[in-house]
Amino acid sequence: MNKTINVTQPFLPPLEEFNEYLNQIWESKWLTNNGPFHQELEKKLCDYLGVKYISLFSNGTLALVTALQALRITGEVITTPFSFVATTHAIWWNNIKPVFVDIEPDTFNLDPDKIEAAITPKTTAILPVHVYGNPCNVKRIKDIADAYGLKVIYDACHTFGVSVNKVPVLNFGDLSVMSFHATKVYNTFEGGAIVCHDEATKKRIDNLKNFGFSGEITVVAPGINAKMNEVQAAMGLLQLKYIDKAIENRKAITECYREGLKGINGISYLEDMPDVEHCYSYFPILIDKEKFGKTRDEVYEGLKTSDIFTRRYFYPLISQFPTYRGLDSAQPGKMPVAEKITEVVLCLPIYNDLDLATVEKICSLIKNN
Ligand SMILES: *Cc1c(COP(=O)(O)O)cnc(C)c1O
């Protein structure tokens with residue numbers, strides 16, 4: 001009887017409109033390699049996002065791997081354990097040692113107060129994540145990076161159109177990396193991008209994502225194949241027409257959750273940050289078992305029996321996976337905030353066409369558990 005509600009559902013624009021793009025691709029027979037839709041999307045995204053240069057990618061993970069290559073990052077990179085596992089994988093794929101640092105209790109982003117203690121002579125960069133689309137303390141991170149001569153690459157895979165005091169958050173750091181995976185606010189089936197601030201860097205990134213080719217017979221770097229194709233770019237162009245409405249809907253869903261969960265003992269959630277334009281990519285709640293009476297996992301399992309599929313983003317911590325838990329910085333007790341949050345956080349369903357009646361139902365299921 002119940003229809004299944006997942007934590008997210010891809011945002012699909014009208015199919016008839018997509019068909020028009022497909023017709024054009026069939027006609028031109030230009031399927032990939034910087035095609036007309038790819039070129040148009042780079043321009044339109046620069047305008048929409050308020051950035052100078054963007055390079056499109058086949059997905060966010062290859063964009064992260066390439067971002068580290070583009071700046072020739074080596075040695076050790078300081079990062080957060082509270083993210084999707086691809087953040088650290090990208091470091092590992094570059095033969096760099098990830099160094100985990102704890103997060104802030106109020107934003108769940110990398111804690112600037114704890115970065116300096118993790119810097120060694122081998123440190124070359126900081127790779128923070130704007131978790132759930134909430135901007136990191138970009139000013140503090142810049143000050144630290146400048147003082148120690150480090151690069152900053154933001155994993156901005158949860159953000160789309162987020163700004164701080166009207167400045168797009170993508171303009172902070174040396175590079176920002178985006179994901180347009182099906183589950184994100186804005187999607188191109190799979191897809192991603194690197195945002196940079198000068199033409200030479202844009203050129204290097206474009207070479208790297210195309211095997212290192214800088215011309216027909218010139219290869220300038222050991223690049224990879226991470227190109228976005230025309231079908232993906234077409235999806236991106238079409239989605240851009242609907243993105244403002246999609247974010248508006250997500251905002252209404254967020255407000256509905258906040259209203260419905262207000263005052264429940266042991267349930268807390270994040271409010272909008274001052275002077276920030278949000279994209280409402282996730283709706284995480286924290287469940288305090290002592291006050292609420294149930295653990296996060298009990299709430300997660302309970303909602304499942306009503307066909308509500310929430311996700312424990314981010315659990316376990318990246319530093320707790322077997323691949324990384326041997327690292328010094330990953331040892332239990334070293335990141336008390338992240339270790340606590342990962343046990344109590346639960347992301348509730350949020351997507352473009354989730355109706356508010358369902359949101360209210362989810363709130364009352366939690367309230368009357
Ligand atoms: C989605 C995501 C990625 C990976 O992006 P893909 O496009 O799926 O490869 C990396 N980091 C974070 C924080 C993400 O949410």
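Each ligand, and each atom within it, is numbered from 1 in the order the structure gives. The model shown is predicted, which means the values in this text are computed figures rather than measured ones. As a basis for the values below, the full set of heavy atoms in this structure was taken, side chains included, without hydrogen atoms, waters or symmetry mates. In this chain, residues are counted from 1 in sequence order.
- Here H89 and Y324 bring their ring centres to under 6.0 angstrom of each other.
- Between K203 and E199 no salt bridge is recorded (no basic side-chain N to carboxylate O distance below 4.0 Å).
- Under the 30°/60° scheme for interplanar angles, the aromatic rings of F180 and Y186 are found to stand perpendicular.
- Heavy atoms of A63 stay at 4.0 angstrom or farther from ligand 1.
- Considering backbone and side-chain N/O of H181, none are found under 3.5 Å from N/O of ligand 1.
- Between F314 and Y132, the two ring planes are parallel [angle under 30°; tilted spans 30° to 60°].
- Between H158 and ligand 1, a contact under 3.5 Å exists for at least one N or O pair.
- Heavy atoms from both the backbone and the side chain of T61 come within less than 4.0 Å of ligand 1.
- Taking the six-membered ring for Trp and thresholds of 30 and 60 degrees, F213 and F211 have ring planes more than 60 degrees apart, a perpendicular arrangement.
- Within the structure, the closest approach of K184 to ligand 1 falls below 4.0 Å when heavy atoms are considered.
- For ligand 1, the atoms closer than 4.0 angstrom to any heavy atom of S83 are 13 (C).
- Considering backbone and side-chain atoms together, V129 places no N or O closer than 3.5 Å to any N or O of ligand 1.
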